[in-house]
Amino acid sequence: MSAEQRQRAIEIRGVSRIYGEGEHRVTALSGVNLAIAENEFFTLLGPSGCGKTTLLRLIAGFDFPTDGEILLHGEDIAPLPPFKRHVNTVFQSYALFPHMTVAENISFGLQMLGRPKDEIKTRLDEMLELVHMTAMRNRQVNQISGGQQQRVALARALAPKPQVLLLDEPLSALDYKLRKEMQVELKRVQAETGITFIFVTHDQEEALTMSDRIAVMSNGEVRQVGTAREIYDQPSDRFVADFIGESNFLEGEVTTVSETSARVKLSSGVEIDASLPAGKTPSGKVTVVIRPEHASVGEPGPDHLNGTLEEAAYFGTDTHFHIRLDSGDLFTVREQNVRSVRDQHRKGERIAAHLGPSAAQILKDRS
Amino acid sequence: MRKNHFDLRAQPGFGLITLFTFFALYLPIAALVVYAFNASESLSVWGGFSTRWFVSAWNNDAVQDASIRSIVIALWASTLATLTATMAALATTRTRPYRGLTFKYALINQPLMVPEIVTAVALLIVFSRIKVWTGYSGLGYLVLAHTAFCIPFAYLPIRARLEGMDLTLERAAADLYATPWQTFRRVTLPLLRPGIIAGFMLSFVISLDDVVITEFVKSGGQDTLPTYMLGQLRRETTPEINAIATVFLALSVVLVMIFFFINRKRE
């Protein structure tokens with residue numbers, strides 16, 4: 001079942017958030033539309049200041065949209081205060097209550113909802129079990145490590161069984177190894193609880209490995225929504241291609257268009273096949289994007305991107321070849337290093353980038 | 001260790017000045033405490049060790065009376081001042097900065113800036129009018145006057161505590177279904193407690209210690225301990241005064257220590 005067909009947990013309709021007035025007007029979000037399905041691990045990805053945290057705050061109720069609707073299972077929650085929304089948050093700083101124990105922190109939400117004592121106790125035990133913190137239940141929160149605080153924050157937010165869990169860059173304060181562990185941990189918890197997760201991060205790797213779907217944001221707008229593979233292999237515009245992974249951009253002109261691809265004549269005169277962007281038939285001048293690992297180095301020829309080798313940077317697992325194309329563009333090819341083979345390419349050598357099948361993707365925007 | 005020439009402690013004469021400062025601060029107090037145990041009736045001639053002046057102060061009805069009155073006024077005034085200051089601190093920190101906020105700070109801290117004698121005279125005039133209109137001449141006037149000048153002393157530590165508090169905690173409480181009142185009760189207030197206790201104790205000591213305003217506002221027979229002592233100085237003075245002051249000193253040291261330990265435990 002595709003994400004679109006499943007029931008929608010959250011639907012963002014034309015949401016804008018504008019701060020200040022007159023000259024001081026700042027548009028944090030403009031006309032955002034998103035549909036997030038139940039049980040989905042959905043990530044808002046973008047550089048700082050792109051509006052991802054603002055959007056999360058609007059869903060949590062810490063801020064209110066200037067315009068638009070936020071539907072939680074079909075009901076508009078945009079005007080409600082945070083304590084009336086069945087949505088919980090894991091904060092970047094964890095925001096654990098310093099005057100309470102681990103157990104008191106986790107029980108807080110259920111107590112505020114006025115649940116019976118025995119239900120709170122059962123749920124507390126469940127939550128402690130879920131995040132492997134049972135032995136720490138009576139500790140003060142300043143007596144546990146950063147990773148453990150993270151687990152408590154997660155348990156505290158999950159205890160009241162929210163319809164949607166919001167996570168605001170929850171792993172950014174952890175060191176590399178712990179972050180990797182918590183990524184796996186978060187995926188496991190999401191699968192076990194079946195709760196919809198909306199995860200905010202600026203870390204593309206984190207987004208690619210963890211998410212069912214990703215919304216890439218910049219300047220208060222959603223640039224592309226899709227699975228990790230869609231976002232990486234078929235970036236819709238230059239920003240997305242640039243922000244996620246490394247990219248080569250080449251200018252060209254569309255000559256012929258078929259159902260799934262087009263012939264693009266590059267400025268050097270070489271013609272290549274390129275995939276079409278979703279929902280748009282390109283014509284005239286276009287930009288194509290080619291990922292460095294979707295090309296390989298080889299002998300120059302009439303159908304290849306010919307140039308001279310400027311630099312070959314060795315990275316252990318792979319080598320990056322920086323080729324100055326005859327058109328003047330710099331083109332990077334990434335090849336995996338195989339131990340036995342291959343004579344060394346030398347700087348200044350005539351060389352070409354050979355494109356793999358469907359390596360090139362036409363972008364929606366014209367540069 | 002390399003000598004750091006920019007370190008204040010490395011400047012010539014630093015040790016001497018320090019010693020002098022300590023002597024200037026504590027020598028008079030030490031003398032006061034020592035002469036409280038003087039057996040003779042003199043404030044300056046040592047006549048052997050005795051605790052007679054403590055006993056005599058304890059048995060002095062006027063001292064008892066003034067002490068109880070001082071404590072009653074201080075308790076009322078510091079309670080009211082702390083309540084008001086807590087509300088004022090919440091209102092001035094849990095808001096975005098706006099025009100007029102600085103003016104409000106100034107208004108709250110006004111008793112720190114206006115000479116006490118001005119407030120004293122002003123209160124004397126206003127209260128004497130009210131006394132005539134209402135016929136009431138109880139301790140209420142002193143309590144009100146003390147509350148007014150205690151507010152800034154209670155306000156400052158509470159505000160400092162609020163400003164150091166992570167606002168995300170209150171947001172987290174709201175996120176976990178706590179209504180604004182529950183958030184205040186369960187999160188803000190417990191975290192604010194050390195500031196409130198500090199504010200209360202500071203107000204208590206300030207109220208206990210006040211002479212100028214009390215002297216002007218009090219009606220006949222409403223002496224507090226400081227005004228009683230001042231009155232005694234005009235007659236023959238005995239080390240009884242020293243004994244009272246020593247107990248005073250011990251009390252405030254104990255208060256400060258209690259506060260210190262409460263805070264230490266929380267850290």
Side-chain angles (χ1 to χ4, degrees), chain A residues 19-20 53 56-57 59-63 80-101 104-115 120 127 140-143 149 152-170, chain B residues 82 86 89-91 93-102 157-201 258-267:
Chain A
Y19 295 103
T53 298
L56 203 73
R57 287 163 50 84
I59 301 172
F62 306 139
D63 195 2
L80 297 180
F83 56 92
K84 289 194 178 149
R85 304 180 180 207
H86 220 68
V87 166
N88 290 140
T89 309
V90 177
F91 294 86
Q92 188 170 11
S93 58
Y94 313 148
L96 297 178
F97 304 125
H99 56 300
M100 297 183 195
T101 62
E104 286 166 343
N105 264 282
I106 298 174
S107 318
F108 188 86
L110 291 164
Q111 281 174 5
M112 291 303 109
L113 286 170
R115 292 287 153 76
I120 296 179
M127 285 297 111
Q140 290 290 319
V141 292
N142 52 16
Q143 293 171 337
Q149 290 183 359
V152 175
L154 182 63
R156 183 181 70 173
L158 283 171
K161 296 186 183 162
Q163 289 169 346
V164 173
L165 186 76
L166 309 175
L167 302 105
D168 184 10
E169 307 216 20
Chain B
T82 308
T86 304
L90 281 168
T93 51
R94 291 292 181 268
T95 171
R96 288 166 178 280
Y98 57 92
R99 278 175 76 93
L101 192 61
T102 318
I158 296 173
R159 192 184 125 200
R161 184 83 193 170
L162 268 175
E163 280 179 341
M165 196 187 292
D166 184 5
L167 272 177
T168 323
L169 294 174
E170 288 171 11
R171 219 172 269 153
D175 188 63
L176 292 161
Y177 313 106
T179 60
W181 170 246
Q182 284 171 319
T183 300
F184 179 73
R185 265 283 296 113
R186 300 286 305 263
V187 176
T188 316
L189 198 58
L191 293 173
L192 204 53
R193 195 168 292 140
I196 291 178
I197 293 173
F200 181 84
M201 287 188 168
I258 290 173
F259 172 67
F260 183 73
F261 280 116
I262 288 174
N263 263 13
R264 268 280 286 271
K265 232 163 126 189
R266 283 188 182 271
E267 303 306 317

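Chain naming here is simple, since letters A, B, ... match the order of the sequence lines and numbering starts at 1 in each. Here the structure is a predicted model, which means the values were calculated and not measured.
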**OP:** Could you check B:Thr82 against B:Ile158 for side-chain contact (heavy atoms from CB on, under 4.5 Å), going step by step and ending with a plain yes or no?
**Re:** CA-CA 9 Å; B:Thr82 308; B:Ile158 296 173; 4.2 Å; yes

Short donor-acceptor contacts under 3.5 Å linking chain B with chain A:
residue: B:Ala174; atom: O; partner: A:Phe83; partner atom: N; Å: 3.3
residue: B:Asp175; atom: O; partner: A:Asn88; partner atom: ND2; Å: 2.9
residue: B:Asp175; atom: OD1; partner: A:Thr89; partner atom: OG1; Å: 3.0
residue: B:Asp175; atom: OD2; partner: A:Thr89; partner atom: N; Å: 2.6
residue: B:Asp175; atom: OD2; partner: A:Thr89; partner atom: OG1; Å: 3.4
residue: B:Tyr177; atom: OH; partner: A:Asn88; partner atom: OD1; Å: 3.4
residue: B:Tyr177; atom: OH; partner: A:Asn88; partner atom: ND2; Å: 3.4
residue: B:Arg186; atom: O; partner: A:His99; partner atom: NE2; Å: 2.8
residue: B:Arg186; atom: NH2; partner: A:Gln111; partner atom: OE1; Å: 3.0

Original post:
How about A:Pro170 and A:Leu154: do any of their side-chain heavy atoms sit closer than 4.5 Å?
Top reply: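 No - every pair of side-chain heavy atoms lies 4.5 Å or more apart.
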
At their closest point, which heavy atom of [X] faces which heavy atom of [Y], and how far apart are they?
{"X": "A:Gly109", "Y": "A:Pro160", "answer": "CA-CG, 4.1 Å"}
{"X": "A:Ile106", "Y": "A:Ala155", "answer": "CD1-CB, 3.8 Å"}
{"X": "A:Leu165", "Y": "A:Pro162", "answer": "CD1-CG, 4.2 Å"}

**OP:** Check the pair A:Leu158 / A:Val90 against side-chain contact (heavy atoms from CB on, under 4.5 Å), numbers first and verdict last.
**Re:** CA-CA 9 Å; A:Leu158 283 171; A:Val90 177; over 6 Å; no

**OP:** Find the one option among A:Pro82, A:Ala159, A:Gly61, A:Ala60 whose heavy-atom pairs under 4.5 Å with chain B are most numerous.
**Re:**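 Going by pairs under 4.5 Å, I would pick A:Pro82.
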
**OP:** Tell me, for B:Leu191 versus chain A, whether the close heavy atoms (under 4.5 Å) come from the side chain, the backbone, both or neither.
**Re:**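 Looking at B:Leu191, just its side chain touches chain A.
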
Subject >> Heavy-atom proximity to chain B below 4.5 Å, by part of A:Leu166 >> reply: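 Neither; nothing under 4.5 Å.
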
Subject >> Qualifying residues under ring pair (Phe, Tyr, Trp, His ring centres under 6.0 Å), relative to A:Phe83, sequence neighbours excluded >> reply: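 With sequence neighbours excluded, A:Phe83 shows a ring pair (Phe, Tyr, Trp, His ring centres under 6.0 Å) to no residue whatsoever.
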
